[in-house]
Novice: 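One structure coming up, written as structure tokens, with questions to follow.
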Amino acid sequence: MDIRNLTAFVGVVQQGGFSRASRTLHLSQSAVSKAVKAIEEELGQPLLVRLGRKVTLTDAGRVVFDRAQAILSGLHSIADEVAAGGAGRRGHLRLGIPPM
């Protein structure tokens with residue numbers, strides 16, 4: 001599964017539709033639709049019920065949505081931790097004081 005596809009799927013669910021997700025993600029609506037379709041084809045089941053301009057999750061969609069959020073959150077955490085470590089804000093400091 002591709003991270004970009006998962007990001008598009010989560011965006012569709014969070015925004016409540018493909019059009020809003022495409023604006024938020026700065027992608028074309030067709031690119032977002034293809035990303036969601038790729039996940040559905042890979043898993044062999046629909047993840048969304050499309051009702052006009054609104055979407056709702058299927059049972060499989062709920063599982064994928066929950067896991068995708070955890071995965072994307074983990075990726076953001078990695079980037080944050082690496083950035084914090086590179087800026088010297090994270091690590092260990094040991095001090096030694098000689099006996100007086």
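Note: hydrogens, waters and symmetry copies are ignored here, and every other heavy atom, side chains too, is used. None of the values given here were measured: they were computed from a predicted structure. For this chain, numbers begin at 1 and follow the sequence in order.
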Novice: Begin from the C-alpha positions of M1 and L43 and carry the test side chain to side chain contact (heavy atoms under 4.5 Å, CB included) through to its verdict.
Specialist: CA-CA 9 Å; M1 232 172 267; L43 296 175; 3.6 Å; yes
Novice: Rounded to the nearest 0.5 Å, how far apart are CG of L72 and CZ of F9?
Specialist: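 That separation rounds to 11.0 Å.
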Novice: In this structure, would V55 and V63 fall into the same cluster of hydrophobic residues linked by side-chain contacts under 4.5 Å?
Specialist: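 No.
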Novice: Hydrophobic clusters here meaning ILVMFWY residues chained together by side-chain heavy-atom distances under 4.5 Å, can you tell me if F65 and V49 are in one?
Specialist: no
Novice: What pair of heavy atoms forms the shortest contact from A38 to N5, and how long is it?
Specialist: CB-ND2, 3.7 Å
Novice: Could you measure the distance from the CG atom of L48 to the NZ atom of K54? Nearest 0.5 Å is fine.
Specialist: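 It is 14.5 Å, given to the nearest 0.5 Å.
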Novice: Looking only at heavy atoms, which two atoms of L25 and G11 are closest? And how far apart?
Specialist: CD1-CA, 4.5 Å
Novice: Scan for side-chain hydrogen bond (donor to acceptor under 3.5 Å, both in side chains) pairs involving residues 60-73, sequence neighbours excluded, and state none if there are none.
Specialist: none
Novice: State whether the number of non-hydrogen atoms from other residues, nucleotides or ligands found under 6.0 Å of R50 atom CZ is greater than 12.
Specialist: yes
Novice: Is there any side-chain hydrogen bond (donor to acceptor under 3.5 Å, both in side chains) pair reaching into residues 26-37, and which pairs are they, with sequence neighbours excluded?
Specialist: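 Listed by first then second residue: S19-Q29, S28-S30.
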Novice: In Å and rounded to the nearest 0.5 Å, what is the CG to CG distance from L47 to L57?
Specialist: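 These two atoms lie 8.0 Å from each other.
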Novice: Can you give me the closest heavy-atom contact between A60 and P46, atom names plus distance?
Specialist: CB-O, 4.2 Å
Novice: Working to the nearest 0.5 angstrom, can you tell me the gap between D2 CG and T7 OG1?
Specialist: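 If I round to the nearest 0.5 Å, the distance is 8.0 Å.
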Novice: Let me confirm one number: the OG1-CD distance from T24 to Q14, rounded to the nearest 0.5 Å.
Specialist: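 One gets 9.0 Å once the value is rounded to the nearest 0.5 Å.
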Novice: Start with the C-alpha gap between E40 and Q45, add the side-chain angles, then the distance that decides, and say whether side chain to side chain contact (heavy atoms under 4.5 Å, CB included) holds.
Specialist: CA-CA 5 Å; E40 289 177 328; Q45 5 186 346; over 6 Å; no
